[in-house]
A.B. asks: 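Just dropping this structure here.
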Protein chains: 2
Amino acid sequence: MARPSLHTAVLDSVGRAITSGDAPPGTPLTLDGIGAQHGVSRTVAREVMRMLEGLGMVRSRRRVGLVVLGIEDWNVLDPRIIRWRLQGPGRDAQLRSLTELRHAVEPLAAAGAARHAGPQVRGELLDLARRMRSTGEAGDLTEFLALDVRMHELLLRSSGNEMFGPLADVVAEVLAGRTHLGLMPASPVPEALDQHEAVARAVADGDPDAAEAAMAAIVGEVRHALARRDGERVGS
Amino acid sequence: MARPSLHTAVLDSVGRAITSGDAPPGTPLTLDGIGAQHGVSRTVAREVMRMLEGLGMVRSRRRVGLVVLGIEDWNVLDPRIIRWRLQGPGRDAQLRSLTELRHAVEPLAAAGAARHAGPQVRGELLDLARRMRSTGEAGDLTEFLALDVRMHELLLRSSGNEMFGPLADVVAEVLAGRTHLGLMPASPVPEALDQHEAVARAVADGDPDAAEAAMAAIVGEVRHALARRDGERVGS
DNA sequence: CATGCCTCATTGGTGGCACCTTTGCCAACA
DNA sequence: TGTTGGCAAAGGTGCCACCAATGAGGCATG
């Protein structure tokens, strides 16, 4: 999948430098500078710069070079920017933003899946819910995470809205980040298992309203948990 | 704003060719072909190609050229792709997808604005709601549209979630497309005016739950209207 | 018919060149 | 001292020629 192209390496390096705040807005870059710093020719630097420009991260001005733009100009929905921000200092804020976005989209995606999903998807959802229960009760967190990710991905991709599909990757990232950060209980709470099963059943039964409600319950709990954490943080 | 760069013109041309289905997935392009077709050098064609690759619209393979990818690989959240799809044959589907996305996000954005908006934003929202009522009752649809767009943009941009801001552009596009397609009544219904005013007041009062509920009511009505239209279409 | 080698089209990457815009400096002048 | 005007350099824009790598398709051989 990842081709060993010079561009990708340089692009990742510069992109991370920008998202990490290492190159704050207003910083002037030059093609020669990028080329020299990474040991690539001007051509490669130019093409990397074009990609960064396409991401809204730099703006090329003559005589001055490539000025780094602020986050308000970035394509913050782009997977690459999301990935870069998830590494580095912005990880926390990015995770919170993604969580909120996820909570906005997933109930509607579940409703859409209840309308549009094919029979084999509905079957897999039921199977996933079953396996989530068994692995969850067994306390196998990593396997549980994989099933959880798969279920949300399946819902987003079969929601009938092609703009929801790309969010599956960020949901996976959020879920992984959440367990990795120790935000998950040692063993999934029974309510979560019930609600995931409810979503799967509602989608399998083709009941959009029930699917939306069940998914809203899932994300609503996480939301409140996050708000609680925010409250603690604010209070400290 | 739009700099007269060669890249932008060529990029727009090729991008539109892909989104319009004029260059269906699997179509092989070549750098020399693009260059010759648009009268630009290989260098420019290469940089355009890099941007398209960044958008997930083509994949460059040696000996074969640039293969056009299917929509499942596109960065469908990217503003450029959205703009291209809004022109051309995909406009209808794109408008529907964007509407659904909007309905997912806007209630949460309103709640966020009630928490995070600054005092001048809250004031402007109240003012906008007032002027929407007067222009709406006067039947000035174009001015009403401008106020409507401004209100939603303000809510999204001051929602405290930097991932919601970029959606302001697409919301503007959706609203404009809706009135332009004649989906709006000749004069805004009183309920819409009331609900917009309710959102503005809730945000001004710092009541997130009320803001979210009021915005959900706004988008919920549009959603049902769309579903009704879909039903008619399916039945025909 | 299968297999393996060969060819060549096309991208990947480099370097150099002319041009143009913009900036920042510096000098001349009020 | 402040303002204006010109001037030179910096750096992106676009073009071209060149070579390396690679992989798809054809050809030859068993």
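In what follows, chains carry the letters A, B, and so on, assigned in the order in which the sequence lines appear, proteins first and then strands, with residues in each chain numbered from 1.
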A.B. asks: Can you list the residues that meet the salt bridge (charged side-chain N to carboxylate O under 4.0 Å, His left out) rule with A:R91, with sequence neighbours excluded?
C.D. replies: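 Salt bridge (charged side-chain N to carboxylate O under 4.0 Å, His left out) list for A:R91, sorted by chain: empty.
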A.B. asks: My understanding is that only residues two or more places apart in sequence, or in another chain, count here; which of them pass side chain to side chain contact (heavy atoms under 4.5 Å, CB included) with B:V44?
C.D. replies: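 Listed in chain order: B:L6, B:H7, B:V40, B:S41, B:V48.
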A.B. asks: Could you please name the option among C:dT14, D:dG14, C:dT11 that lies closest to any side-chain atom of A:L6?
C.D. replies: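 The closest nucleotide is C:dT14.
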A.B. asks: Please tell me which of the listed nucleotides, D:dC15, D:dG12, C:dG12, lies nearest to the side chain of B:M49?
C.D. replies: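 Comparing D:dC15, D:dG12, C:dG12 against the side chain of B:M49, the answer is C:dG12.
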A.B. asks: For nucleotides 18-25 of chain D, tabulate all protein N/O to nucleotide N/O atom pairs closer than 3.5 Å, reporting atom names and distance.
C.D. replies:
{"residue": "D:dT22", "atom": "O4'", "partner": "B:R62", "partner atom": "NH1", "Å": "3.0"}
{"residue": "D:dG23", "atom": "N2", "partner": "B:R63", "partner atom": "NH1", "Å": "3.2"}
{"residue": "D:dA24", "atom": "OP1", "partner": "B:R61", "partner atom": "NH2", "Å": "2.8"}

A.B. asks: Please assess A:E47 against A:R50 for the test salt bridge (Lys or Arg N to Asp or Glu O under 4.0 Å), listing each intermediate value before the final yes or no.
C.D. replies: CA-CA 5 Å; A:E47 292 174 12; A:R50 280 279 179 277; over 6 Å; no
A.B. asks: May I have all residue pairs that pass side-chain hydrogen bond (donor to acceptor under 3.5 Å, both in side chains) and include part of residues 63-82 of chain B, sequence neighbours excluded?
C.D. replies: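 Non-adjacent pairs meeting side-chain hydrogen bond (donor to acceptor under 3.5 Å, both in side chains): A:N75-B:D78, A:D78-B:N75, B:D78-B:R80.
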A.B. asks: With sequence neighbours left out, what residues match B:D22 under side-chain hydrogen bond (donor to acceptor under 3.5 Å, both in side chains)?
C.D. replies: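 Listed in chain order: nothing, the list is empty.
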A.B. asks: Which residue lies toward the 5' end of DNA chain D, A:R50 or A:T43, if each is placed at its nearest nucleotide?
C.D. replies: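 The 5'-side residue here is A:R50.
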A.B. asks: Between B:S41 and D:dA17, is there a contact of a side-chain N or O with OP1 or OP2 at under 4.0 Å?
C.D. replies: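 Answer no for this pair, as no side-chain N or O of B:S41 is under 4.0 Å from OP1 or OP2.
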A.B. asks: Tell me the interatomic distance from B:D32, atom CG, to D:dC15, atom P, rounded to whole angstroms.
C.D. replies: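 Spelled out: CG on B:D32 to P on D:dC15 is 13 Å.
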A.B. asks: Please list all pairs meeting ring-ring contact (aromatic ring centres under 6.0 Å, His included) that have one or both residues in residues 146-172 of chain A, counting only residues at least two apart or in different chains.
C.D. replies: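 As it turns out, the ring-ring contact (aromatic ring centres under 6.0 Å, His included) pairs with a partner in residues 146-172 of chain A, which skip direct neighbours, are A:H152-A:H196.
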A.B. asks: From the list D:dG12, D:dC15, C:dG12, which nucleotide is the closest neighbour of the side chain of B:V44?
C.D. replies: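 Selected nucleotide: D:dC15.
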A.B. asks: To the nearest angstrom, how far is B:E47 atom CD from D:dG12 atom P?
C.D. replies: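 That distance rounds to 12 Å.
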A.B. asks: Which part of the nucleic acid does A:T30 contact within heavy-atom distance under 4.0 Å: base, sugar-phosphate only, or nothing?
C.D. replies: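 Sugar-phosphate contact only - A:T30 comes under 4.0 Å of backbone atoms but never of a base.
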